[in-house]
Structure formats: C-alpha cells, structure tokens
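The figures here come from the full heavy-atom set of this structure, side chains too, leaving out hydrogens, waters and symmetry mates. Chain naming here is simple, since letters A, B, ... match the order of the sequence lines and numbering starts at 1 in each.
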Amino acid sequence: DAKTTQPNSMESNEEEPVHLPCNHSTISGTDYIHWYRQLPSQGPEYVIHGLTSNVNNRMASLAIAEDRKSSTLILHRATLRDAAVYYCILRDDMRFGAGTRLTVKP
Amino acid sequence: NAGVTQTPKFQVLKTGQSMTLQCAQDMNHEYMSWYRQDPGMGLRLIHYSVGAGITDQGEVPNGYNVSRSTTEDFPLRLLSAAPSQTSVYFCASSYFTGGVSGYTFGSGTRLTVV
C-alpha cells in the first residue's frame, strides 16, 4: 500500500480556495512529497513537490507540516478545470493511493 | 520534444494472447516505470527501471515482463493475457535525482482482454 492517505473526495465552489490534505506519518527524512493530478481520461500530471519548506508555483502552493508527517496542497482559486483526482505520493515510494477526487461547483 | 509516448492507445486481446505495450521518452530520463489503473482506482506500480539494463518489480508484477535495453525505451510485455489484466496502462519517466524531479506520464494504453 501507498505510504500516504488522503480523503476520498472533496467539494469546492468555483473561485474559492481549496485545501487538499495528505498524511504521510512514516515519511523518511530525505523523502520528497510530490503532488499530481489526473484529469478525466488523461494521464497524471505533475503539480508541485517539496521537502521541508513551503513551495509555490503557478499551479498551486504546498504547505508542509513542521514534523513533515502531513502536507496540504492549496489551490488559491478553484476553477472548473481544476476538477480532477489529486494524488499525494512520496517520491522514493513511487506508489499512488486512490487520491482525492475534487469536485468544483459553479 | 515529444515527452513520453505510448503505443498503442487502444488494444483488445483474447485471453491467452501475448502483446507488448510500447513506451518511449526523448528527455534522456534515467528512471522509467509502468503503472496500471483499474476503473475508479488509483495507479499501481508494475515494474520500474533506474537505467538501461536495470529493472525491478513493483506492487503488481505478476503476468508482466519488462526490459530496458536503451535509455529511451521501456516496453511492457504481457505473456498470456487474462481478463484481470483489463486496465489502463501508464508509462512514466523522470530524472533519477533523489526526489527532486517529477514524473512525466504518457497518455495511456487502454487494454481490454476478452
């Protein structure tokens, strides 16, 4: 089984922020946290990654807990195109769980 | 720069037939892997490779073989197809840089075994 756990589903309203949580309590000190998303009928695409510090890019922000046992992907303003399954993985583990299915309501 | 290319996009096999799913990348990535995704499920790792000539098993390797003779190509072979292998197969690649590099995925091969 994957070393990460995520809620099965979440809902958001369009143009509101979304916080997608991920637990990885057995993470090692050198393991990177990666987030991917999968749009319907497509392969997963890379979103963001981090090690210890919070990270920002054009798609999202990643907030990492100080003990690194959890992280949160932040979409600052959800759009209908952000509706997808979001996966949190530990890079060295290479295993994906079921992810979080995000529904964005207009 | 085409990224990760998977062929074919769709395939129907009869039980017991064999076939090879092709995966090629033009980014000089050392690491390549194969995943399968069953309906409504997450991805499960089948096999992976950290460089030419090196392969290893993932979570669900039974019924599949791989080889890595070049950096660019990582084919997945189904030896004797079974209905349980009906799935969408994704190939992924990345630089092998200790976690800094993200994976690039192909668009998938949808396989049906009847």
Highest number of heavy-atom pairs under 4.5 Å with chain B: which of A:Ala98, A:Ser41, A:Pro44, A:Gly50?
->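 The residue among A:Ala98, A:Ser41, A:Pro44, A:Gly50 with the greatest pair count is A:Pro44.
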Given a strict heavy-atom distance threshold of 4.5 Å, which part of A:Ile89 is in contact with chain B: side chain, backbone, both, or neither?
-> side chain
Say whether [X] and [Y] are linked into one hydrophobic cluster, either directly or through other cluster members, by side-chain heavy-atom distances under 4.5 angstrom.
{"X": "A:Tyr46", "Y": "B:Tyr31", "answer": "yes"}
{"X": "A:Leu73", "Y": "A:Val55", "answer": "yes"}
{"X": "B:Val66", "Y": "B:Tyr64", "answer": "yes"}
{"X": "A:Val104", "Y": "A:Val18", "answer": "yes"}
{"X": "A:Met10", "Y": "A:Leu62", "answer": "yes"}

OG1-CD distance between B:Thr104 and A:Glu45, expressed to the nearest 0.5 angstrom |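 Those atoms lie 10.5 Å apart.
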Measure the spacing between CZ of A:Phe96 and CE of B:Met41 and express it to the nearest 0.5 Å.
->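 Interatomic distance, A:Phe96 CZ to B:Met41 CE, rounded to 0.5 Å: 14.5 Å.
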Side-chain (A:Arg91) to main-chain (B:Ser101) donor-acceptor, under 3.5 angstrom = yes
A:Tyr36 side chain to B:Tyr103 main-chain N or O, any donor-acceptor pair under 3.5 Å?
->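 Between the backbone of B:Tyr103 and the side chain of A:Tyr36 there is a qualifying donor-acceptor contact (under 3.5 Å).
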Please flag which part of [X] lies under 4.5 Å from any non-hydrogen atom of chain A: side chain, backbone, both or neither.
{"X": "B:Gln37", "value": "side chain"}
{"X": "B:Tyr89", "value": "neither"}
{"X": "B:Leu45", "value": "side chain"}

Does [X] [atom1] have over 12 foreign heavy atoms under 6.0 Å away?
{"X": "A:Arg77", "atom1": "CZ", "value": "no"}
{"X": "A:Asp67", "atom1": "CG", "value": "yes"}
{"X": "A:Arg101", "atom1": "CZ", "value": "no"}

Looking only at heavy atoms, what is the nearest atom pair of A:Gln42 and B:Phe90, with distance?
->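 Nearest heavy atoms, A:Gln42 then B:Phe90: O-CZ, 3.8 Å.
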Atom of A:Met94, atom of B:Tyr35 and distance for their closest heavy-atom approach | O-OH, 2.6 Å
